[in-house]
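Data block below; observations after.
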Amino acid sequence: MPHEPVIRRGFADLAHGQLHYREAGKGDVLLAFHASPGSSRQMTGLIAEFASAMRAIAPDTPGNGDSVALEDADIADLAAAMLALLDSLGIARAHLYGSHTGAAIAAELALLAPERVRSVTLDGVGHWEGAELAEALALYAQPFEADLDGEYLGRLFTFCRNQYLFYPWYRETDAARRTGDLPPPESLHGLVTEVMKASVTYQRNYHAAFRWDAPRRLPLLAVPALFMASESDPLFAATRELARAHSFAALPALGDLGFATARHSAMSDFFAKSA
C-alpha cells in the first residue's frame, strides 16, 4: 500500500484575521481552493495525490471551515486574501487549482497577480444571470442561525446531504436528481461538521461566486489554464462552454473509481506542459 503523507495544519495571520490551511509535500507549490460550502477538508485527497511530487497547500477560504470571514467579500476580495497567504508563506509562484467557488477564486487570483501564478486549473466553473441568479441568491445559501431546540441542525444536515442528490439542492424532484448517490457516512459527517463551523458566514462565498462574471473575466486570463469537470458535475456544460480557447478535460463521474486517477493524470500532464 502506498505511503500516505502526513497532512499538517497551520494558520496564517492575515490583515483580516487568521486563515487555516492544510499541506503536505515539498517542491513546486500547488495551491488548491475548495468548493463551497465545505473547507480544505475536501482537498485532503488532492493533497495526498500530489504530495509525493509537490508542496500541496489547501486553505479554508475566508468564512469557511476555521478561517475568519471577510465582510461583504466578492471574488476579487477572496483572491486578494489568497495572495496575502502566498506572501505570508513566502511563496513566490504557485500552480493554482480551484473547484466551483474555488475555481472563481483561482481565476481571479491569476488575473490579480499573473506573475505569481505558474498555471491555473479550473474544476467546474459556473455562470448565473437574470432570474437564475436571483433565485440562487434568494434560495441556495442562507445562514443557519443557532436556536435552542436544534431545528437549525436538521436544516443544515438536509442542506449538506442534498448537495449530493439534487441540483439545486432544495429542488427535490426527479428532474433535479443528480446521478450518483450519497457518499460514505463519514464523508457526509465531515461536510456537516465543516459547515457547522461556518454556519452564519459560509453563504457569503456562495453569493460572491454567483455574482462573479465568468464570461467577462475568464477571457482575460494570461497564464496557462486547464478547464475540467466531472461528467456528474452540474456545472459540466457551463465549464466546457467557458473554456473556449483553453484546454478542457472531461472527467469520470465523481463516484467513479477512476475519477482521482483521471484528474491526477490531466493535471500532471498540464503542469509538465506549463513548466
Side-chain angles (χ1 to χ4, degrees), residues 12 14-16 19 21 28-36 40 43 46 54-64 67 69-129 133 136 204-229 233 235 238-249 266-267 270-271 273-275:
L14 305 185
H16 81 280
L19 195 84
Y21 62 90
D28 290 343
V29 174
L30 171 61
L31 187 60
F33 305 131
H34 61 85
S36 293
S40 59
M43 296 285 99
L46 187 77
M54 308 178 75
R55 181 185 178 191
I57 305 170
D60 295 354
T61 51
N64 291 119
S67 290
L70 296 170
E71 292 294 333
D72 300 320
D74 60 19
I75 292 297
D77 295 323
L78 294 165
M82 297 301 102
L83 180 59
L85 175 64
L86 288 176
D87 291 340
S88 176
L89 298 178
I91 297 169
R93 297 182 72 205
H95 294 282
L96 305 181
Y97 166 89
S99 173
H100 288 214
T101 300
I105 296 170
E108 200 63 39
L109 177 52
L111 294 173
L112 173 65
E115 72 283 0
R116 306 289 294 275
V117 176
R118 294 180 182 273
S119 71
V120 59
T121 300
L122 307 178
D123 187 351
V125 188
H127 174 57
W128 294 263
E129 61 185 1
L133 173 59
R204 297 178 188 177
N205 294 357
Y206 260 128
H207 292 183
F210 291 147
R211 291 190 174 101
W212 188 62
D213 192 350
R216 185 175 67 86
R217 300 298 288 163
L218 290 173
L220 303 178
L221 285 172
V223 302
L226 170 66
F227 289 65
M228 61 169 54
D233 190 336
L235 302 184
T239 305
R240 184 171 54 187
E241 173 64 25
L242 289 166
R244 297 183 181 177
H246 297 286
S247 298
F248 174 76
M267 291 176 64
F270 174 58
F271 294 159
K273 295 175 183 177
S274 304

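Numbering starts at 1 and runs along the sequence shown. Reckoned from all heavy atoms, side chains included, excluding hydrogens, waters and symmetry mates.
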(message) Under a 3.5 Å distance rule, please check whether Thr239 uses its side chain to pair with a backbone N or O of Met228 as donor and acceptor.
(response) no

(request) Using the side-chain contact (heavy atoms from CB on, under 4.5 Å) rule, take Leu89 and Val29 through it: C-alpha gap first, then chi angles, then the decisive distance, then the call. (result) CA-CA 11 Å; Leu89 298 178; Val29 174; over 6 Å; no

(request) Please report the shortest heavy-atom distance between Ala32 and Leu46, naming the atom on each side. (result) CB-CD2, 3.7 Å

(message) If I compare all heavy atoms of Leu226 with all of Ala266, which pair ends up nearest, and what's the gap?
(response) CD2-O, 3.9 Å

(request) Answer yes or no: is there a donor N or O on one side and an acceptor on the other, between the side chain of Asn205 and the main chain of Pro62, under 3.5 Å? (result) yes

(message) With a 4.5 Å cut-off on side-chain heavy atoms, are Leu218 and Arg244 touching?
(response) no

(request) Evaluate side-chain contact (heavy atoms from CB on, under 4.5 Å) for Ile75 paired with Arg217, printing each intermediate quantity in order. (result) CA-CA 11 Å; Ile75 292 297; Arg217 300 298 288 163; over 6 Å; no

(request) Taking all non-hydrogen atoms of both residues into account, name the closest pair between Ala12 and Ser88 and its distance. (result) CB-OG, 3.6 Å

(request) Could you tell me the separation between the OH atom of Tyr97 and the CZ atom of Phe270, rounded to the nearest 0.5 Å? (result) 13.0 Å

(message) Would the distance check show the side chain of Arg116 and the main-chain N or O of Ile91 forming a donor-acceptor pair, the cut-off being under 3.5 Å?
(response) yes

(message) I'd like to know if the side chain of Asp28 and the backbone of Met54 have a donor-acceptor N/O pair within less than 3.5 Å.
(response) no

(request) To the nearest 0.5 Å, tell me how far Phe33 CZ sits from Ile57 CD1. (result) 10.0 Å

(request) Measure the spacing between CG of Asp77 and CD of Glu108 and express it to the nearest 0.5 Å. (result) 9.5 Å

(request) Search all heavy atoms of Leu78 against all heavy atoms of Ala208 and return the closest pair with its distance. (result) CD1-CB, 4.4 Å

(message) For the CG atom of Asn64 and the NE2 atom of His34, what is their distance to the nearest 0.5 Å?
(response) 4.5 Å

(request) Anything under 30° is parallel, anything over 60° is perpendicular, the rest tilted; go ahead and classify His246 against Phe227. (result) parallel

(request) To the nearest 0.5 Å, tell me how far Asp123 CG sits from Asp233 CG. (result) 7.0 Å

(request) State, with a plain yes or no, whether a side-chain heavy atom of Tyr21 is found less than 4.5 Å away from one of Leu31. (result) no

(message) With a 3.5 Å distance limit and no angle check, can you tell me whether Arg204 reaches the backbone of Ala73 through a side-chain donor-acceptor pair?
(response) no

(request) Output yes when a side-chain donor or acceptor of Thr101 lies under 3.5 Å from a complementary backbone atom of Ala209, and no otherwise. (result) no

(request) Taking all non-hydrogen atoms of both residues into account, name the closest pair between Trp212 and His127 and its distance. (result) O-ND1, 4.4 Å

(message) Quick check: closest heavy atoms across Ala107 and Leu122, and the distance to 0.1 Å?
(response) N-CD2, 4.0 Å

(message) Return the CG to NE2 distance between Leu235 and His100, rounded to the nearest 0.5 Å.
(response) 4.0 Å

(request) Evaluate side-chain contact (heavy atoms from CB on, under 4.5 Å) for Leu111 paired with Leu221, printing each intermediate quantity in order. (result) CA-CA 6 Å; Leu111 294 173; Leu221 285 172; 4.0 Å; yes

(message) Side chains of Ser274 and Ser119: any donor to acceptor distance under 3.5 Å?
(response) no

